[in-house]
Structure formats: C-alpha cells, structure tokens
A.B. asks: 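Have a look at the structure that comes next, please.
It should be emphasised that the depicted structure is a prediction, and the values quoted were computed from it without experimental measurement. In what follows, every chain begins at residue 1, and chains take the letters A, B, ... in the order their sequences are listed.
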Amino acid sequence: MIEPGGYVRDIFLKPVGDSVTAHGWVKTRRDSKGVSFIQLSDGSTFADLQIVVEAGAILDEVLAGVTTGASLRVSGELVASPGAGQAVELKASLIEVIGTADTATYPLQKKGHTMEFLREKAHLRSRSNTFGAVFRVRSALSFAIHQFFQERGFLNVHTPLITTSDAEGAGAMFGVSTLDLLNLPRTEAGQIDYTSDFFGKRAHLTVSGQLEAEIFALAFTNVYTFGPTFRAENSNTPRHLAEFWMIEPEMAFCDLDGNRALAEQFLKAIISHVLNHCEADLAFFNQRVDNTILSTLEQVATADFEHVTYTEAVSILEKAGRAFEFPVFWGADLQSEHERYLTEETFKKPVIVTDYPQEIKAFYMRRNDDEKTVRAMDVLAPRIGEIIGGSQREERHDVLRDKITAQGLPLEEYWWYLELRKYGSVPHAGFGLGLERMLMYITGMKNIRDVIPFPRTPGDAEF
RNA sequence: UCCCCGUUAGCUCAGUUGGCAGAGCGCUUGACUGUUAAUCAGGAUGUCGCUGGUUCGAGUCCAGCACGGGGAGCCA
C-alpha cells in the first residue's frame, strides 16, 4: 500500500533532486516530438503530478500503454518545472503500467462531460477533477464535524438503522422484512401477520436517530449521531435522496437559545475547517461551478446569523409587496419561495427562524406559553433553503402525552420516550443537519446526487 | 406524485417547409524539442430512445411508453 509520504500530495512537498516513486491514474497525456507529458492523479490532492518523459527514457512499448485511465507506477527524479502550471514535475526513468485502459472505450475524456453523464459512470467519475474535489471536501467536512463535537465533550452515539417505531409520524419509510413476498402470512382479519417476521413486528429503516439520541443525551449530557438515514418518499428533486447522511446533536440542560447558538457555531466551525483545509478544491468550485461560493463561505464563517421568529418572518413577507405563488399568512408553512426571499433578498445571509405554529411542526417540539407556537428552529441558507431543522424538545410528560394523542399517534409506541420524561427529565434540545445539503452549499454543486458517492433515488440504486 | 422541457456519432449539440445524416471535441494516422483542455493536417465512427400511426417518403408530424433534466409538493 501507499504509506504517508508516498501520496502525490506528499511528493509535491519534497525537495527538488529527490528520487521518488508515484502511483496513480493517468488523467491525460500530451506528446511533442521528443517529449511526453503525463498528468497523474492519485486522488490525494486536486493538482495532478506532471510526469515528463524525455525521448528514449522509456521504451515505446511501455509508453503505448500510458493512456487516459491507465494505472501507473512511476519512478524518477523530482525536478523544478520550467512550465507555468506547476512548481515541480517528475522526470521519469522507470514507468510500469499496472493496469491498461483501452482508449477506444474508456468513457472519460479530457473535457466536456455533463454531471448527468458522469452520474451514469459512477464507478469512474471519482477520478474526474470535479468529483475528486467533491469527495475530498466531503471527507474533510465529516472530519470537521466529528472534531467540532468531540472537542466540546459530545459523545458520538450510533443509533440503530432498523427501527420498529416511526420517529416523527411523518415520511414514508422503507420496510425491513424477511417474509416471503409471494406467500405472506395473514391474520384472521386478512392483514399481514408480522408476528412471524424477523423482529416479531413491523420494522423499518430509520428516518431519524433523534429519539434514541435523546435517550443518550439524558445519560451522557451532550451527544451526536452521524449516520445514514432513509426516506421512501417519491421525491424527484435535486435536493432529495432516499439514503442520505445526517448529523443530529442532542443536548441536555439546553433550551432553544442554546440550540440556536450551537447551530451557528457549528456551521461556522465546519465551514472554516473546509476553507482552511480544502483550498485547492474550493478554488476549483469557485472557478468552474459557482463563483460566489468563496465569498459566501467566508461571510458565513464570520458574520452573525440573522434571527427572526416565525411571526416576524411572516410579517416581513406580508410587507414584501410581492405576489408569491403561495399566499403568506400566520399559520401557513413557509414555502421555498418564502425562504429564498428571506435569505437571498431580505438578509442575504443565513437566517434562523424560530417559534413556528404548533400545527405545522412535529409532536416532540416544546410548546410555548402562548399555547400556539413551539420551540422549533430552521436554519435557512441562501440558494438551498433549509439546511438545519431543530427544536427544544417537550420535556413535560403530560404535555408530551397530550401532543402525541392530539396528532393521532399511538401512545403505546412511545412508551419509552414518555418514560424519559418521568425519570429525571430535563430541558433538552437538538437539531439535524443533512450532510449532502451542507456539501451542496459548500461546493456549489447543483444536484444532491453529485455530492454522495452512490446516490439512491426513486428508480435508481445502481452501483 | 403533478407541471414544463429534452432524448440525433464515444461526449456536447445543430439539423430549415416532411425529400442523400452534420459540426466541435474525443478516438485514430501523421507532423512538431517543453506541453498545460497543447497545436497543425488527414481518417474512421449512426438501431436519429422504444413501439405504433399518418404519408409516395418521417430525425422532422401524431399517440403511447421508457429514460433524463428543471420547477412544485414532502423534507434534511
């Protein structure tokens, strides 16, 4: 394997004159009479290593196998580059073609691919400039998220992916079953008999780890989850996946103000980390994908977020003097167009909206004294809308029981959730961040399917 | 799931009033002593998404279906 020090990223930092060996895949090759240039990438950094092959240095039979997509081991001397694009380059004295790639059929070319085409080549697209940058940023972002919480004493909890309760009473869920679909056991009433199923009752893939995270918050004080989440909604948009990754911190002894403050610190910290550690990748996105991302990210990392209540937001929208497609009135949920107006036109930066009407929010959100609103918060970002959703949780047993009943949810399914409010209940709060939504925001990528390695969407689970 | 748009060479696309299937890039052959999406010259490459229909004749008109994109809803 390649050890630290052997990545292309490391080779760039070595002194001129060193003997080095590089491994990677050929991105492209240029020939002149007497000299060839090979762009070699191993994914460790945005820049390719330029390999220079002088006339006679390498056998023609070997060089014939050096084509776009082929994998190589190259040894030679690191030299200062007289060309403009790079400080150093590798003067090859030995090239081994590890795996060839037929130029007639290799799908990736030097330029001109659409995201849609590359999505169909998900097994090769990670070798491209764009997807190399996307997945390096994704990895750095994931690290920054763990670091942020670990440094603050948060416990990382692995909540289950298979669940027998419907966490929010909302959203279609994927069933998990070992029953024979061609021969389903039936109850006398004709319903499917899940008592003979693997878990003895109906099971699903989780739509959120929040309820289990609350259990851990009431034992470990501050916790967070970071794992995959599943929604079986038939959503066909550039912002939805059937399988995506979500981060859900949950804090005991915390109210909505603390929750809001943490969300803002969190976003600033992880954006700063990426700004400091992925400069070349971000420069590429800023140049080729969206020329506003660098200035936007720098602003978000430093400027204070706006905070308005739902009631204030509605008031702003009513005074906007604009004909929205969906009417604005107190009690209506904010639509995409309303969120965009607030973030892109009114404030031009992230906005945290709090205290939504009880009727449009989930049962577990803490009811305010006005009996009409709940301690909910949405962090809205320019261009992509809701990036974080969270709330202070209802910690009062009787109020929570009433809210579950009022929303028509089965009390018995929530027995343990209610029992947490009987034994040492404390005010607590948390939020959820969609990793892919955050990545879209950071990279400027327009389709969520292009910031996850292998997207799952309705009708598509290839790879 | 609803609305709109699209599907022509490996890729990105043009294709006029229904009348011989096109370009650029990629690939390939050659030229060129240092390129940066190299450049220059030549060459090959087609189930016009699928199934029907209209017509003397359909890439072009009509219908259905499939797939893709954008917008909406659901939401992270």
Side-chain angles (χ1 to χ4, degrees), chain A residues 27-39 47-56 64 67-69 79-86 89 91 101-121 128-129 167-168 170-173 207-210 225 228-248 288 324-326 333-337 339-340 360-362 378-381 384-390 431-441 446-452 457-460 462:
Chain A
K27 197 164 276 175
T28 180
R29 168 181 159 182
R30 297 174 293 275
D31 297 300
S32 284
K33 187 173 182 74
V35 61
S36 290
F37 301 94
I38 302 161
Q39 298 297 128
D48 304 319
L49 179 62
Q50 177 161 282
I51 312 292
V52 184
V53 182
E54 294 182 340
T67 59
T68 303
V79 298
S81 176
Q86 58 286 314
E89 60 192 20
K91 195 165 103 180
D102 184 356
T103 54
T105 55
Y106 187 70
L108 300 191
Q109 301 171 6
K110 297 177 190 179
K111 67 168 196 176
H113 291 308
T114 59
M115 292 300 124
E116 292 79 29
F117 173 74
L118 289 171
R119 213 172 289 149
E120 295 171 2
K121 312 287 179 196
S128 67
N129 286 336
E168 304 186 17
M173 304 169 82
V207 296
S208 166
Q210 179 197 318
T225 72
T229 303
F230 308 89
R231 303 281 165 88
E233 302 286 352
N234 190 9
S235 298
N236 294 286
T237 83
R239 302 179 305 283
H240 291 86
L241 291 165
E243 177 184 279
F244 62 98
W245 288 65
M246 189 152 66
I247 296 93
E248 296 177 291
R288 293 292 185 90
F324 291 112
E325 187 185 346
F326 291 87
D333 206 355
L334 299 182
Q335 302 293 321
S336 296
E337 55 176 341
E339 296 177 350
R340 294 189 68 150
I360 60 174
K361 288 294 181 182
D378 283 355
V379 181
L380 310 178
I384 60 169
E386 184 181 339
I387 194 164
I388 278 179
F431 60 81
L433 170 83
L435 180 69
E436 289 79 15
R437 293 263 175 98
M438 191 66 213
L439 270 169
M440 291 173 75
Y441 189 67
K446 303 292 185 293
N447 194 311
I448 199 166
R449 293 162 201 178
D450 299 327
V451 294
I452 190 167
T457 53
D460 189 15
E462 192 70 47

A.B. asks: My understanding is that only residues two or more places apart in sequence, or in another chain, count here; which of them pass ring pair (Phe, Tyr, Trp, His ring centres under 6.0 Å) with A:Tyr441?
C.D. replies: none
A.B. asks: For nucleotides 40-47 of chain B, give me every protein contact, N/O to N/O, under 3.5 Å, one pair per line with atom names.
C.D. replies:
none

A.B. asks: So A:Leu435 and A:Met246, do their side chains get closer than 4.5 Å, heavy atoms only?
C.D. replies: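 Contact flag for A:Met246/A:Leu435 side chains = no.
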A.B. asks: Answer yes or no: side-chain N or O of A:Glu54 and base N or O of B:rU33 forming a donor-acceptor pair under 3.5 Å.
C.D. replies: no
A.B. asks: What integer number of Å spans the P atoms of B:rA9 and B:rC4?
C.D. replies: 27 Å
A.B. asks: Return the polar atom pairs (N/O with N/O) between nucleotides 1-8 of chain B and the protein under 3.5 Å, or none.
C.D. replies:
from  : atom 1 : to       : atom 2 : distance (Å)
B:rU1 : OP1    : A:Asn234 : ND2    : 2.6
B:rU1 : O4     : A:Asn236 : N      : 3.4
B:rU1 : O4     : A:Asn236 : ND2    : 3.1

A.B. asks: Report yes if at least one side-chain N or O of A:Arg449 is closer than 4.0 Å to OP1 or OP2 of B:rG69; otherwise report no.
C.D. replies: yes
A.B. asks: Considering every strand and a 4.0 Å limit on heavy-atom distances, what is the contact class for A:Asp31: base, sugar-phosphate, or nothing?
C.D. replies: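 The answer is base, as A:Asp31 lies within the cut-off (heavy atoms under 4.0 Å) of a base atom.
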A.B. asks: With sequence neighbours left out, what residues match A:Arg340 under salt bridge (charged side-chain N to carboxylate O under 4.0 Å, His left out)?
C.D. replies: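 By the salt bridge (charged side-chain N to carboxylate O under 4.0 Å, His left out) rule, A:Arg340 matches A:Glu344.
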A.B. asks: I'd like to know if A:Gln109 reaches the base of B:rG10 with its side chain such that a donor and an acceptor end up less than 3.5 angstrom apart.
C.D. replies: yes
A.B. asks: Given A:Gln39, which partner from the list A:Lys27, A:Arg30, A:Arg29 fulfils the side-chain hydrogen bond (donor to acceptor under 3.5 Å, both in side chains) test?
C.D. replies: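 Exactly one candidate clears the test, A:Arg30.
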A.B. asks: Would you classify A:Phe244 as touching base, sugar-phosphate or nothing, given that sugar-phosphate means primed atoms plus P, OP1 and OP2, and contacts are heavy atoms under 4.0 Å?
C.D. replies: base
A.B. asks: At under 4.0 Å between heavy atoms, what does A:Ser81 touch on the DNA or RNA strands: base, sugar-phosphate, or nothing?
C.D. replies: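 The answer is base, as A:Ser81 lies within the cut-off (heavy atoms under 4.0 Å) of a base atom.
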A.B. asks: Identify whether any heavy atom of A:Ala84 sits under 4.0 Å from a base atom; if not, whether one sits that close to sugar-phosphate; answer base, sugar-phosphate or nothing.
C.D. replies: base
A.B. asks: So what does A:Gly434 hit on the nucleic acid, given a heavy-atom distance under 4.0 Å: a base, only sugar-phosphate, or nothing?
C.D. replies: sugar-phosphate
A.B. asks: Just to verify, what does A:Thr237 make a side-chain contact (heavy atoms from CB on, under 4.5 Å) with, not counting sequence neighbours?
C.D. replies: A:Arg239, A:His240
A.B. asks: Check every strand shown and say whether A:Pro107 touches a base, only sugar-phosphate, or nothing at a heavy-atom separation below 4.0 Å.
C.D. replies: nothing
A.B. asks: Can you tell me the base-pairing partner of B:rC32? Count Watson-Crick or G-U wobble geometry only, both distances below 3.5 Å, and say none if there is no partner.
C.D. replies: none
A.B. asks: Between B:rG18 and B:rC62, how far is it from one C1' atom to the other, in whole Å?
C.D. replies: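 Nearest-Å result for B:rG18 against B:rC62 at atom C1': 13 Å.
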A.B. asks: With sequence neighbours excluded, tell me which residues meet salt bridge (charged side-chain N to carboxylate O under 4.0 Å, His left out) with A:Arg119.
C.D. replies: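 Once residues adjacent in sequence are excluded, the partners of A:Arg119 under the salt bridge (charged side-chain N to carboxylate O under 4.0 Å, His left out) criterion are A:Asp450.
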A.B. asks: With a 3.5 Å limit on both atom pairs, tell me what B:rU16 is paired to, counting Watson-Crick and G-U wobble, or say none.
C.D. replies: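 Paired with no nucleotide.
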A.B. asks: Taking B:rA21 as the reference, what is the distance to B:rG46 when you measure between their C1' atoms (whole Å, please)?
C.D. replies: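 Their C1' atoms lie roughly 8 Å apart.
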A.B. asks: In whole Å, measure the gap between the P atoms of B:rG43 and B:rG49 for me.
C.D. replies: 28 Å
A.B. asks: Do A:Glu89 and B:rG34 share a donor-acceptor pair, side chain to base, under 3.5 Å?
C.D. replies: yes
A.B. asks: Please enumerate all residues that pass salt bridge (charged side-chain N to carboxylate O under 4.0 Å, His left out) together with A:Asp460, with sequence neighbours excluded.
C.D. replies: none
A.B. asks: I want to check one thing: is the phosphate of B:rG69, taken as OP1 and OP2, less than 4.0 Å away from some side-chain N or O of A:Arg119?
C.D. replies: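 The answer is yes; a side-chain N or O of A:Arg119 sits under 4.0 Å from OP1 or OP2.
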A.B. asks: Taking only N and O in the side chain of A:Ser32, is any of them less than 4.0 Å away from OP1 or OP2 of B:rG34?
C.D. replies: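 Answer is yes, contact under 4.0 Å.
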A.B. asks: Should B:rG24 form a Watson-Crick or G-U wobble pair with both distances under 3.5 Å, which nucleotide is its partner?
C.D. replies: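 Across any shown strand, B:rG24 pairs with B:rC11.
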A.B. asks: Say we look at B:rC13 and B:rU17: how far apart would their P atoms be, to the nearest angstrom?
C.D. replies: 23 Å
A.B. asks: On a whole-Å scale, what distance lies between the C1' atoms belonging to B:rC61 and B:rC27?
C.D. replies: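 Going atom to atom, C1' in each nucleotide, I get 37 Å.
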A.B. asks: Kindly indicate whether the side chain of A:Val379, heavy atoms from C-beta on, has any atom under 4.5 Å from the side chain of A:Glu386.
C.D. replies: no
A.B. asks: Among residues at least two apart in sequence or on other chains, which ones pass salt bridge (charged side-chain N to carboxylate O under 4.0 Å, His left out) with A:Lys91?
C.D. replies: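 Scan of A:Lys91 (salt bridge (charged side-chain N to carboxylate O under 4.0 Å, His left out), adjacent residues dropped) gives none.
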A.B. asks: Taking donor-acceptor contacts at under 3.5 Å, does the side chain of A:His240 reach the base of B:rC75?
C.D. replies: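 Indeed, a donor on one side and an acceptor on the other fall under 3.5 Å apart.
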A.B. asks: Residues in ring pair (Phe, Tyr, Trp, His ring centres under 6.0 Å) with A:Phe117, at least two apart?
C.D. replies: A:His113
A.B. asks: Contact class for A:Leu241 (heavy atom, under 4.0 Å): base, sugar-phosphate, or nothing?
C.D. replies: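 A:Leu241: base contact, heavy atoms under 4.0 Å.
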A.B. asks: So what does A:Glu120 hit on the nucleic acid, given a heavy-atom distance under 4.0 Å: a base, only sugar-phosphate, or nothing?
C.D. replies: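 A:Glu120: no heavy atom of the nucleic acid under 4.0 Å.
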